[in-house]
Amino acid sequence: MKITVNDNGAIKVEGEFTVLDGAGNELETKDAAWLCRCGGSNNKPFCDGSHKSNGFQSEVRAQA
Ligand code: FES
């Protein structure tokens, strides 16, 4: 599995993974999923592109 935290946008998950809702039900995904982290998606937990218009900006990452 590979997880990419995109600047000012969604978290991309690819590889072998399963997304479950809070009740433990599996949500349909394909080879990759983009998870919303801005809170503005109308299709949570998935990104619907709303971050592009709602002003979401990711925090500056700390240097390792
Ligand atoms: S990160 Fe894309 S809609 Fe929230």
Side-chain angles (χ1 to χ4, degrees):
M1 175 176 23
K2 177 180 174 184
I3 298 174
T4 305
V5 181
N6 292 304
D7 290 342
N8 304 322
I11 296 173
K12 182 180 182 183
V13 183
E14 49 194 324
E16 286 192 37
F17 64 89
T18 303
V19 179
L20 306 176
D21 68 12
N25 301 305
E26 186 170 340
L27 302 178
E28 183 178 339
T29 58
K30 297 187 178 174
D31 294 339
W34 287 259
L35 302 177
C36 175
R37 68 179 177 132
C38 77
S41 175
N42 290 311
N43 188 33
K44 294 181 187 81
F46 303 107
C47 171
D48 70 354
S50 293
H51 63 270
K52 296 175 186 170
S53 59
N54 67 13
F56 174 70
Q57 292 191 333
S58 54
E59 296 179 23
V60 176
R61 286 181 238 146
Q63 298 295 316

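Note: hydrogens, waters and symmetry copies are ignored here, and every other heavy atom, side chains too, is used. Start at 1 and go down the list; that is how both ligands and their atoms are numbered. Count residues from 1 along the sequence. Source: prediction; values computed, not measured.
- Taken together through direct or relayed side-chain contacts under 4.5 Å among Ile, Leu, Val, Met, Phe, Trp and Tyr, Met1 and Phe46 form part of one hydrophobic cluster.
- Taken from OG1 in Thr18 to CD in Glu16, the straight-line distance is 8.5 Å, to the nearest 0.5 Å.
- Taking a cut-off of 2.8 Å, the protein N, O or S atoms nearer than that to atom 2 (Fe) of ligand 1 are Cys47 SG, His51 ND1.
- Listed by chain and number, the residues in a side chain to side chain donor-acceptor pair (under 3.5 Å) with Ser50 are Asp48 (sequence neighbours excluded).
- By the side-chain contact (heavy atoms from CB on, under 4.5 Å) test, Cys36 is found to be paired with Cys38, Ser41, residues two or more places apart in sequence or in another chain being considered.
- Partners of Asn8 by side chain to side chain donor-acceptor pair (under 3.5 Å), not counting sequence neighbours, listed by chain and number: Ser58.
- Across all non-hydrogen atoms, the minimal contact from Lys12 to Trp34 is CE-CZ2, 3.5 Å.
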